[in-house]
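Each remark here refers to the structure printed beneath this line.
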Amino acid sequence: MPATEAQIRANRENAQKSTGPKTEAGKAKARMNALKHGMRSKSPFALPQEDPAELEARLREWIEEWQPANVIEQTLVERAAKASWALERVERFEAALIARQVRKAMLRSRARVQARVGLLGRRLFATGNRGPLEGVNDDPAAFVAALEDSPEGVRWLLERWGEMRDLIDGDHAWTYTDQFMFVRLLGKHPFDAVVDRELNAIFLAWEALEEGRGVEFWGHLHLGSSRDDPALSRCRRWRELVDRPADEAEARGLLRAVVDAQVERLQDRLAEVEEVEGDDAFEMAERASFLAVGAGSRVVSGGADSDEDAERFDA
């Protein structure tokens, strides 16, 4: 159906009203409607782990916020938006670098502590200064004290005392090795049972469990003592400084009491060193983060051009 004369006249009037922007700013804006954001280029600004849609949304928000009036302003707004994106990327990189440095420092610290605990345990249970222990003074009290300086060391001691408790409660036969470990865990030399009343009572408890078990163990150590030991140790003889337990039950009770007292003391000690360790761990993390910040600034300033360079910062 052909348009009426009235419709044609109305269309002409509407066309006159919709001629588009009349100001220069408006016309420039309209010309930029077809411009593509940087995200549309062949080399996207977003990295593989980043969300291109998020960057595109930022570009669009910045353009809508700043309302650039020409191509130059449009370009500057886009560059500013991309710069803010890049700065946030740098902040994420720095945070990741610091977190990695702190984790590695904490892992290295735990590894060193575990290695030290293992070495102290070997020294505590060593029977002489041979092999890797050569030149180390045989001081069980010092070894026990050193083990009690860390939560790992205290837990190691608690595990050993747990083994001693199992030995007592399980009605197992004591070996020289068991007896040696028991006394050394107290930070003492077994040979000193002839002068130390606590050790003497322990040896007599072993006697009550098995005739000769305590005295023969001491005699075995006596035979292995050196003539050069201080205080003429080779000249010592076995003697009973305290009363023997009346029976096997009393003997086990005495040994159990020794274990329980050590466990209770070590549990209190564990609470103390764990509190200290928490402070030490925080300080270590702070130190590690400071070193990582220095490494991060070198990377940002162009000091590292490869993964190998970045790895050197962790050394």
For [X], does the [atom1] atom have more than 12 heavy-atom neighbours from other residues, nucleotides or ligands under 6.0 Å away?
X      : atom1 : result
Asp268 : CG    : yes
Glu65  : CD    : no
Arg92  : CZ    : yes
Glu159 : CD    : yes

Is the shortest side-chain heavy-atom distance between [X] and [Y] below 4.5 Å?
X      : Y      : answer
Leu59  : Lys82  : yes
Pro140 : His189 : yes
Ser150 : Val273 : no
Leu186 : Val258 : yes
Glu216 : Trp206 : no
Glu78  : Trp62  : no
Pro151 : Leu270 : yes

Exam field: side chain [X] to backbone [Y], donor-acceptor pair closer than 3.5 Å:
X      : Y      : answer
Glu250 : Ala246 : yes
Asp192 : Val195 : no
Trp156 : Leu147 : no
Arg197 : Leu241 : yes
Glu152 : Gln114 : no
Arg184 : Leu124 : yes
Asp247 : Leu209 : no
Arg123 : Asp138 : no
Gln67  : Glu64  : yes

Output yes when [X] and [Y] qualify as a salt bridge under the 4.0 Å nitrogen-oxygen rule, no when they do not.
X      : Y      : value
Arg165 : Asp169 : yes
Arg160 : Glu163 : yes
Asp178 : Arg213 : no
Glu94  : Arg89  : no

* Structure fact -> Residues passing the side-chain contact (heavy atoms from CB on, under 4.5 Å) test with Ala205, sequence neighbours excluded, are Pro245, Ala251, Leu254, Leu255
* Geometric cation-pi criterion, Arg244 with Phe203: 6.0 Å, 45° -> no
* Atom pair CG (Leu221) and CD (Gln179), whose distance is rounded to the nearest 0.5 Å -> 9.0 Å
* To do: Hey, could you give me the CG/CD distance between Leu158 and Gln262, rounded to the nearest 0.5 Å?
  => 10.0 Å
* To do: Look at the rings of Phe182 and Trp161 and say which category their plane angle falls in: under 30° parallel, 30 to 60° tilted, over 60° perpendicular.
  => perpendicular
* Contact summary for Arg237 and Val194, nearest pair of heavy atoms -> O-CG1, 3.6 Å
* State, to 0.1 Å, how close Arg252 and Ile168 come at their nearest heavy-atom pair, and which atoms those are. => NH1-O, 2.8 Å
* Does a donor on one side chain and an acceptor on the other come within less than 3.5 Å for Trp85 and Glu50? -> yes
* Structure fact -> Applying side chain to side chain donor-acceptor pair (under 3.5 Å) to Glu272 and not counting sequence neighbours gives Arg269
